[in-house]
Structure formats: structure tokens, C-alpha cells
Visitor: 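Got a structure for you, questions after.
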Amino acid sequence: MDVDPVGARIASIRHAPTSTEFLLTTPWNAEDWSGTYQSSGSNEEWHRRYPGGWHTLVPHAGDARTLDEVSHPFHGEAAWRRWRPAGTEADSSCTYEAVLRTAPLAVRRRVRATGTGVAVAQTVTNYSSRETAFTWVEHPAFGPALTGPEAEVTIGGDPVDVRFPAAGEGRSGFRELRAKGRGTAAIRNGRNAVALTWDPDLFPHLYVWQEHRGTAGYPWWGAADTIALEPAARPYDHGGGPLGPLRLAAGASLTAEFELTCTVEERP
């Protein structure tokens, strides 16, 4: 497991015995963007830099928007900020913190390696003197080990028709579904599998983003192959209104937990 302080992004989850990488890693993921030019907007800049991995999107997700004279970048401030370390613990975990400025929220994210994957516990605290609204989406994007025409996706145990491409064909797409059961989604591709669990009361929606080398031009250049399973607090096309459906009173906190189990089956 590797966690990047930029966005407190989980950059890598690797199955050590087989060196199988479960998360998407783009060819430009290791580039240093400091001191380089900026694209004309945060939507384009996000896609120019996007390294893959597992981001947390707070206090906004989706296209950049301005609300109450505050500009919120594509996928929210938290994913762009460099978080400060708040300790590395003996149980193979690390904690990062950030105080946001586009909304009066402090975020603390603990990522712990388990015997079968990772567990994430994140707390959002309203540091202002008034109630604040926000949205929250987790954005794990899985790599080629979990994609392909034979991959199967289930939500709450029920199969989902994600219409994977035939061999040699490219495809990209986005779907929004409702969470089922206790909040579970899984991908299986041959020997490799992941299962993600979360609280469906807090995150009743699930975005499913796919990019199977289907975009020949910018920004992916035919080089991205991924399925993302994204628990979300609100619909993607929310129609404006407040920043999000989640509300915290002054000084209040909200904690959510997520667990990802990763497996590679042994060959018979």
C-alpha cells in the first residue's frame, strides 16, 4: 500500500506474492507538476494530471462550479491539496489531515493495510460557527488486473450489465446506480477480485466509470484501462442547489468507513 499526500490519495494496492496491482496507474502518474503551466480550467487540469488511484472528493464532486462566490474546482478542493501527515502507526496505517478553505471543513483520513486489502476511516469536521453543507464521494479507480471482456461487476450481490468491450475494442462510459444491501460492490476478472463496502445511508449512490482505451485522443490517448466504483452522497447531475446533501452543525463531525478486500486466486 502506498498513500500520496497530494489528496491523501491511495496510489497503490499491490498483492505482494504475485505483484498484482489493483488500482489504476496512468503512464504519467509519477510526473512532477509543480512549476508547470496551468490549463485554462480545473476540469482540464484534473484530466491532464490524473494519476489514477483512490481519491476522496470533498466538499464537491463533478464539474467545477461557483457557489456563494466561492470557486470549487473539479472534484473538490481536498483532491487537489497536499495533506499534512498526522502519524504513521505500527499497524501498517497512516493518517493525513487538511483544513479546507472552499468550505469550513477539516478532514482527517486514516488508511490501514489489512491482511486482505485496505480499510479507510475518514472524519469531516465543521470548524465554523454555522451549519455547512457539502458532498462526499470516494473515487477508487481499478486497473487492468480487473478489467477486460470477462470482468464481472456486482452491486449488492446482483450482477450489473456494464457492457464490456469485445477483445480489441475500446469503450468509455459512465453510469449512476443506487447502492444495494449494506453497500457493497465487487469486480471479478479471472483470478483477480475486489469487493468494496461502505455505509449506504451516507452514500446511497454509486457511480461506475469505465475507460477501456476507448478515448484515442486527449486526455487518455488510448492508454487508460479502468473501472471505478464510486460511493457517492448525491446524484452526479444534482441540478444545482447547495454544495451537497450532507450537513454538519457548527463544531460537529461525521465519520465514514470503507473497506476494500482484494484477492488473487491460486492457480489449480
Visitor: Answer yes if the ring centres of H75 and H55 are under 6.0 angstrom apart, and no otherwise.
Guide: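 Centroid separation for H75 and H55: 6.0 Å or greater.
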Visitor: Count I, L, V, M, F, W, Y as connected when their side-chain heavy atoms are under 4.5 Å apart, and connections chain through other members. Are V264 and I187 then in the same cluster?
Guide: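 The answer is yes; both residues are in one hydrophobic cluster.
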Visitor: Side-chain heavy atoms under 4.5 angstrom apart, residues restricted to Ile, Leu, Val, Met, Phe, Trp, Tyr: same cluster for I13 and Y50?
Guide: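 No, it is not one cluster - the side chains of I13 and Y50 are not joined through contacts under 4.5 Å.
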Visitor: T102 and S71: side-chain contact (heavy atoms from CB on, under 4.5 Å), yes or no, with the steps?
Guide: CA-CA 7 Å; T102 54; S71 297; over 6 Å; no
Visitor: Look only at the side chain of S39 and the backbone of G41, and say whether a donor-acceptor pair between them is shorter than 3.5 Å.
Guide: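 No; judged by distance alone, with no hydrogens or angles, the pair does not exist.
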Visitor: Flag the pair W54 / V120 as yes when at least one side-chain heavy-atom distance between them is below 4.5 Å, and no otherwise.
Guide: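 Yes - at least one pair of side-chain heavy atoms lies under 4.5 Å apart.
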Visitor: Looking only at heavy atoms, which two atoms of G52 and R9 are closest? And how far apart?
Guide: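 Smallest heavy-atom distance, with atoms named: O-NH1, 3.1 Å.
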Visitor: Run S12 and M1 through side-chain contact (heavy atoms from CB on, under 4.5 Å) and show every step you take.
Guide: CA-CA 5 Å; S12 175; M1 179 187 76; over 6 Å; no
Visitor: Hydrophobic clusters here meaning ILVMFWY residues chained together by side-chain heavy-atom distances under 4.5 Å, can you tell me if V137 and I227 are in one?
Guide: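 No, V137 and I227 fall in different hydrophobic clusters.
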Visitor: Between atom CG of L23 and atom CG of D2, what is the distance when rounded to the nearest 0.5 Å?
Guide: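 CG of D2 is found 10.0 Å from CG of L23.
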Visitor: Could I get the full list of side-chain contact (heavy atoms from CB on, under 4.5 Å) partners for R81, not counting sequence neighbours?
Guide: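 For R81 the side-chain contact (heavy atoms from CB on, under 4.5 Å) partners, ignoring immediate neighbours, are E77, W83, A98, L100.
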Visitor: If you measure only the distance, is there a donor-acceptor pair under 3.5 Å linking the side chains of E211 and T215?
Guide: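 Yes, because at least one side-chain N or O of E211 sits under 3.5 Å from a partner of the opposite role on T215.
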Visitor: Fit a plane to each ring of H15 and F22, take the angle between them on a 0 to 90° scale, and name the class: parallel (under 30°), tilted (30 to 60°) or perpendicular (over 60°).
Guide: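 Rings of H15 and F22: perpendicular, over 60°.
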Visitor: Would you call E152 and R188 a salt bridge, taking side-chain N to carboxylate O under 4.0 Å as the test?
Guide: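 Looking at R188 together with E152, the answer is no, because their closest N to O distance does not fall below 4.0 Å.
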Visitor: Say you draw a straight line from CG of L229 to NE2 of H139; how long is it, rounded to the nearest 0.5 Å?
Guide: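 If we round to the nearest 0.5 Å, L229:CG and H139:NE2 are 11.0 Å apart.
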Visitor: Can you check whether S34's main-chain N or O pairs, donor with acceptor, with D32's side chain at less than 3.5 Å?
Guide: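 The answer is yes, because a donor-acceptor pair under 3.5 Å joins these two groups.
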Visitor: Please answer whether the main-chain N or O of G117 pairs with a side-chain N or O of T114 as donor and acceptor at a distance below 3.5 Å.
Guide: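 Checked: pair present.
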Visitor: For the atom pair CZ (F74) and CZ (R65), what is the distance rounded to the nearest 0.5 Å?
Guide: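 The distance works out to 14.0 Å.
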Visitor: Can you tell me how far apart CD (E45) and OG (S40) are? Round to the nearest 0.5 Å.
Guide: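 Rounded to the nearest 0.5 Å, the CD-OG separation comes to 9.0 Å.
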Visitor: Contact between T135 and L246 at the side-chain level, heavy atoms closer than 4.5 Å - yes or no?
Guide: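 The answer is no; the side chains never approach within 4.5 Å.
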Visitor: For Y218, I'd like to know if atom OH has over 12 heavy atoms of other residues, nucleotides or ligands within 6.0 Å.
Guide: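 Counting neighbours around OH of Y218, more than 12 heavy atoms of other residues, nucleotides or ligands fall under 6.0 Å, so yes.
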Visitor: Test your reading of the model: is there a side-chain donor-acceptor pair from R108 to the backbone of T123, 3.5 Å cut-off?
Guide: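 Side chain of R108 to backbone of T123: no pair is present.
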Visitor: Can you give me the closest heavy-atom contact between H72 and V70, atom names plus distance?
Guide: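 Looks like CD2-O, 3.4 Å.
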Visitor: What are the two closest heavy atoms between T226 and A141, and how far apart are they?
Guide: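 So the two residues come closest at OG1-CB, 3.6 Å.
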Visitor: To check you understand the geometry: which heavy-atom pair defines the closest contact between A250 and S129, and what is its length?
Guide: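 Looks like CB-C, 3.5 Å.
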Visitor: Looking only at side-chain N and O atoms, does T132 offer a donor or acceptor that is under 3.5 Å from a partner on N126?
Guide: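 No - no donor-acceptor pair under 3.5 Å links their side chains.
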Visitor: Without hydrogens or angle criteria, can the side chains of H212 and Q210 be said to hold a donor-acceptor pair below 3.5 Å?
Guide: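 Yes, because at least one side-chain N or O of H212 sits under 3.5 Å from a partner of the opposite role on Q210.
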Visitor: Can you find a pair of side-chain heavy atoms, one from P27 and one from W221, that are under 4.5 Å apart?
Guide: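 Of all side-chain heavy-atom pairs linking W221 with P27, none is under 4.5 Å.
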Visitor: Show me, pair by pair, the donor-acceptor contacts under 3.5 angstrom made by side chains of residues 192-200, not counting sequence neighbours?
Guide:
residue	atom	partner	partner atom	Å
N192	ND2	A145	O	3.1
W198	NE1	F203	O	3.0
D199	OD1	D201	N	2.9

Visitor: Does a salt bridge link R48 with E44, judged by any charged N lying under 4.0 Å from a carboxylate O?
Guide: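 A salt bridge is absent here (no side-chain N lies under 4.0 Å from a carboxylate O).
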Visitor: Taking side chain as C-beta onward, heavy atoms only, is W220 less than 4.5 Å from H47?
Guide: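 Yes; the side chains approach each other to less than 4.5 Å.
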Visitor: On a heavy-atom basis, which atom in P73 and which in H60 lie closest, and how many Å separate them?
Guide: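 Residues P73 and H60, closest heavy atoms: O-CD2, 3.4 Å.
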Visitor: Shortest non-hydrogen contact from L105 to P59?
Guide: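 In this case the closest contact between L105 and P59 is CD1-CB, 3.9 Å.
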Visitor: Indicate, with yes or no, if the rings of Y236 and H205 have centres closer together than 6.0 Å.
Guide: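 Ring-ring flag for Y236/H205: false, centres at least 6.0 Å apart.
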Visitor: Does a sphere of radius 6.0 Å around CD in E257 hold more than 12 heavy atoms from other residues, nucleotides or ligands, not counting ones at 6.0 Å or beyond?
Guide: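 Counting other residues, nucleotides and ligands, CD of E257 stays at 12 neighbours or fewer.
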Visitor: Between P204 and R178, is any pair of side-chain heavy atoms under 4.5 Å apart?
Guide: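 Of all side-chain heavy-atom pairs linking R178 with P204, at least one is under 4.5 Å.
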Visitor: Assess the residue pair F142 and N189 against the criterion (side-chain contact (heavy atoms from CB on, under 4.5 Å)); give the C-alpha distance rounded to whole Å, side-chain angles, the decisive distance to 0.1 Å, and a yes or no.
Guide: CA-CA 11 Å; F142 301 101; N189 184 43; over 6 Å; no
Visitor: Q122 and T56: side-chain donor and acceptor closer than 3.5 Å?
Guide: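 Side-chain D/A pair, Q122 to T56: present.
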Visitor: Taking R234 for the side chain and L243 for the main chain, is one N or O donor matched with an acceptor at less than 3.5 Å?
Guide: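 Such a contact is found between R234 side chain and L243 backbone.
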Visitor: Give the cluster check for V58 versus Y96: same hydrophobic cluster or not, with ILVMFWY residues linked at side-chain heavy-atom distances below 4.5 Å.
Guide: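 In one cluster: yes.
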Visitor: To the closest 0.5 Å, what do you measure between CG (D63) and CG (N43)?
Guide: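 If we round to the nearest 0.5 Å, D63:CG and N43:CG are 4.5 Å apart.
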Visitor: Quick check: do P51 and W28 have side-chain heavy atoms less than 4.5 Å from each other?
Guide: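 The answer is no, as the side chains (C-beta and beyond) never meet within the 4.5 Å cut-off.
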Visitor: With side-chain contact (heavy atoms from CB on, under 4.5 Å) as the test, would you mind laying out the steps for L57 and W136 before giving the verdict?
Guide: CA-CA 6 Å; L57 312 182; W136 183 348; over 6 Å; no
Visitor: Does any non-hydrogen side-chain atom of W80 lie less than 4.5 Å from one of V6?
Guide: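 Side-chain contact under 4.5 Å: no.
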Visitor: Look only at the side chain of R175 and the backbone of D161, and say whether a donor-acceptor pair between them is shorter than 3.5 Å.
Guide: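 Confirmed, R175 side chain pairs with D161 backbone.
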Visitor: Following the transitive rule for hydrophobic clusters with a side-chain heavy-atom cut-off under 4.5 Å over Ile, Leu, Val, Met, Phe, Trp and Tyr, establish whether L146 and V118 coincide in one cluster.
Guide: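 Yes; tracing contacts between hydrophobic side chains, which count when under 4.5 Å, links both residues.
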Visitor: Under 4.5 Å between any side-chain heavy atoms of V208 and L177, yes or no?
Guide: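 Answer yes - side chains close enough.
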Visitor: How long is the straight-line distance from CG of L202 back to CG of L254, given to the nearest 0.5 Å?
Guide: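 Atom-to-atom, L254:CG and L202:CG are 5.5 Å apart.
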